[in-house]
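Comments concern the structure below.
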Amino acid sequence: MISKLLFDLDGTLTDPKEGICKSVQYALHAFGIEEPDIDKLEPFIGPPLMDSFMEFYGMTKERAAEAVDKYRERFSVTGWSENIVYEGVPHMLKGLRDAGYVLAVASSKPTVFVERILTHFGLRDAFSVVVGSELDGRRTGKDEVIAEALRQLFAKQGDEDLLMIGDRKFDVEGAHALGIRCVGVTYGYAQPGELTEAQADFLAASPEKLLELLLELREMKGGTRHA
């Protein structure tokens with residue numbers, strides 16, 4: 001019986017687009033790069049920032065680290081509060097808690113910002129464990145974040161009573177690397193077909209459908225379905 005759930009934050013519980021993309025704009029501007037269309041910066045939502053600056057703008061590791069510092073200049077003051085909680089998420093979390101699930105957050109965002117966002121939007125009390133990355137660059141890989149969440153939940157790799165829930169392939173791949181199944185939510189920032197190609201074990205199209213799916217899974221094992 002599934003009893004523990006790990007949630008990604010960005011694109012799963014909250015819509016972080018404005019805060020992340022405007023902070024990326026701010027960082028790029030510091031390097032003389034102008035990108036007026038924040039829609040083009042959506043790929044920054046999900047993977048570690050260092051990786052994105054290197055992949056999308058050809059930065060060296062050292063330059064990307066400087067870009068992350070510039071990003072945080074804005075994000076730490078303004079960007080973090082520009083999140084929007086997806087409609088239906090508070091109701092979903094209450095329903096899962098009432099059903100007996102233990103909830104945790106496993107995010108690649110630095111823990112200090114994850115805690116701040118959850119507290120600001122009144123979601124923190126729903127979670128027994130909150131794990132993110134470190135500001136110094138440690139624990140940025142999703143598998144590393146999930147592994148630390150498992151440790152704090154006194155769980156182990158391959159536990160069948162645990163699921164990861166996230167909106168990007170990084171969530172699926174990180175979970176599968178530790179032998180954990182993953183629910184991909186299609187209302188986040190995955191590209192078309194991304195979650196299917198990553199072999200998400202389940203798919204859910206909204207927080208309401210996610211609640212429905214997870215309540216069903218509470219009493220059953222295995223199976224792959226869409227909600």
Side-chain angles (χ1 to χ4, degrees), residues 6-84 86 105-121 130-149 164-175 177 182 184-185 188-191 194-195 198:
L6 301 180
F7 282 89
D8 177 44
L9 176 65
D10 293 340
T12 302
L13 299 174
T14 64
D15 184 345
K17 179 176 178 176
E18 182 176 359
I20 288 178
C21 293
K22 286 186 175 179
S23 298
V24 172
Q25 276 183 325
Y26 176 87
L28 292 175
H29 176 76
F31 291 93
I33 303 169
E34 302 301 331
E35 180 47 77
D37 185 358
I38 66 171
D39 290 346
K40 292 182 179 179
L41 299 176
E42 284 186 6
F44 277 82
I45 302 172
L49 286 170
M50 282 271 294
D51 295 349
S52 294
F53 280 118
M54 288 189 289
E55 178 179 355
F56 302 129
Y57 287 91
M59 294 185 180
T60 63
K61 186 174 182 179
E62 293 73 19
R63 191 173 176 88
E66 294 175 12
V68 170
D69 288 341
K70 295 301 294 186
Y71 169 96
R72 287 176 180 160
E73 282 183 4
R74 184 186 186 279
F75 190 85
S76 64
V77 176
T78 304
W80 70 270
S81 65
E82 293 171 329
N83 272 254
I84 299 171
Y86 285 117
V105 171
S107 171
S108 295
K109 187 184 294 297
T111 305
V112 61
F113 296 135
V114 178
E115 290 277 10
R116 190 182 300 175
I117 290 164
L118 292 174
T119 300
H120 180 74
F121 290 105
V130 172
V131 176
S133 61
E134 299 292 345
L135 288 170
D136 63 5
R138 288 179 294 127
R139 205 167 63 222
T140 57
K142 203 56 184 258
D143 57 336
E144 297 173 303
V145 174
I146 294 172
E148 175 60 19
M164 178 71 203
I165 298 128
D167 71 309
R168 297 296 310 275
K169 65 180 180 181
F170 312 102
D171 302 301
V172 181
E173 292 167 354
C182 184
V185 298
Y189 284 92
Q191 297 299 304
E194 177 181 321
L195 293 169

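These numbers come from a predicted model, not from an experiment. In what follows, residues are counted from 1 in the order of the sequence shown.
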With salt bridge (Lys or Arg N to Asp or Glu O under 4.0 Å) as the test, would you mind laying out the steps for Arg138 and Asp136 before giving the verdict?
-> CA-CA 6 Å; Arg138 288 179 294 127; Asp136 63 5; 2.8 Å; yes

Any chance NE2 of His120 has more than 12 other-residue heavy atoms, nucleotides or ligands included, within less than 6.0 Å?
-> yes

Residues Leu28, Met59; criterion side-chain contact (heavy atoms from CB on, under 4.5 Å); working and verdict = CA-CA 11 Å; Leu28 292 175; Met59 294 185 180; 4.1 Å; yes

Is any side-chain heavy atom of Phe53 closer than 4.5 Å to a side-chain heavy atom of Arg63?
-> no

Taking C-beta and beyond as the side chain, do Ser108 and Thr140 meet within less than 4.5 Å on heavy atoms?
-> no

Lys142 NZ to Cys182 SG distance, which is reported to the nearest 0.5 Å | 8.5 Å

Leu49 CG to Ile20 CD1 distance, which is reported to the nearest 0.5 Å | 7.5 Å

Minimum heavy-atom separation for Thr12 to Asp8, with atom names?
-> OG1-OD2, 3.2 Å

Closest non-hydrogen atom pair between Lys61 and Met54, with its separation | CA-SD, 3.7 Å

Atom CG of Asp39 and atom SG of Cys21: how far apart are they, to the nearest 0.5 Å?
-> 7.5 Å

Between Glu18 and Lys22, is the closest basic N to carboxylate O distance under 4.0 Å?
-> yes

What are the two closest non-hydrogen atoms of Val185 and Leu195, and how far apart are they?
-> O-CD1, 3.5 Å

Student check: side-chain heavy atoms of Phe44 and Ile38 closer than 4.5 Å = no

What pair of heavy atoms forms the shortest contact from Leu6 to Ala106, and how long is it?
-> CB-CB, 4.5 Å

Can you tell me how far CD of Glu115 sits from CG of Leu9, rounded to the nearest 0.5 angstrom?
-> 10.5 Å

Indicate yes or no: at least one non-hydrogen side-chain atom of Lys17 is less than 4.5 angstrom from one of Ile84.
-> no

Is Arg168 salt-bridged to Asp10, cutoff N-O under 4.0 Å?
-> no

Could you name each residue pair satisfying side-chain hydrogen bond (donor to acceptor under 3.5 Å, both in side chains) that touches residues 64-74, not counting sequence neighbours?
-> Ser23-Arg74, Tyr26-Glu73, Lys70-Glu73, Arg74-Glu82

For Phe7 and Met164, which heavy atoms make the closest approach, and how far apart are they?
-> C-CE, 4.0 Å

Rounded to the nearest 0.5 angstrom, the CZ-CD distance for Phe170 and Glu194 is 6.5 Å

Electrostatic pair Arg139-Glu144, nearest N-O below 4.0 angstrom | no

Note, Leu13 side chain near Ile117 side chain (heavy atom, < 4.5 Å) | no

With the side chain counted from C-beta on, respond yes when Phe75 and Lys109 share a heavy-atom pair under 4.5 Å apart, and no when they do not.
-> yes

Locate the shortest heavy-atom distance separating Phe56 from Pro43; write the atom from each residue and the value.
-> CZ-CB, 3.5 Å

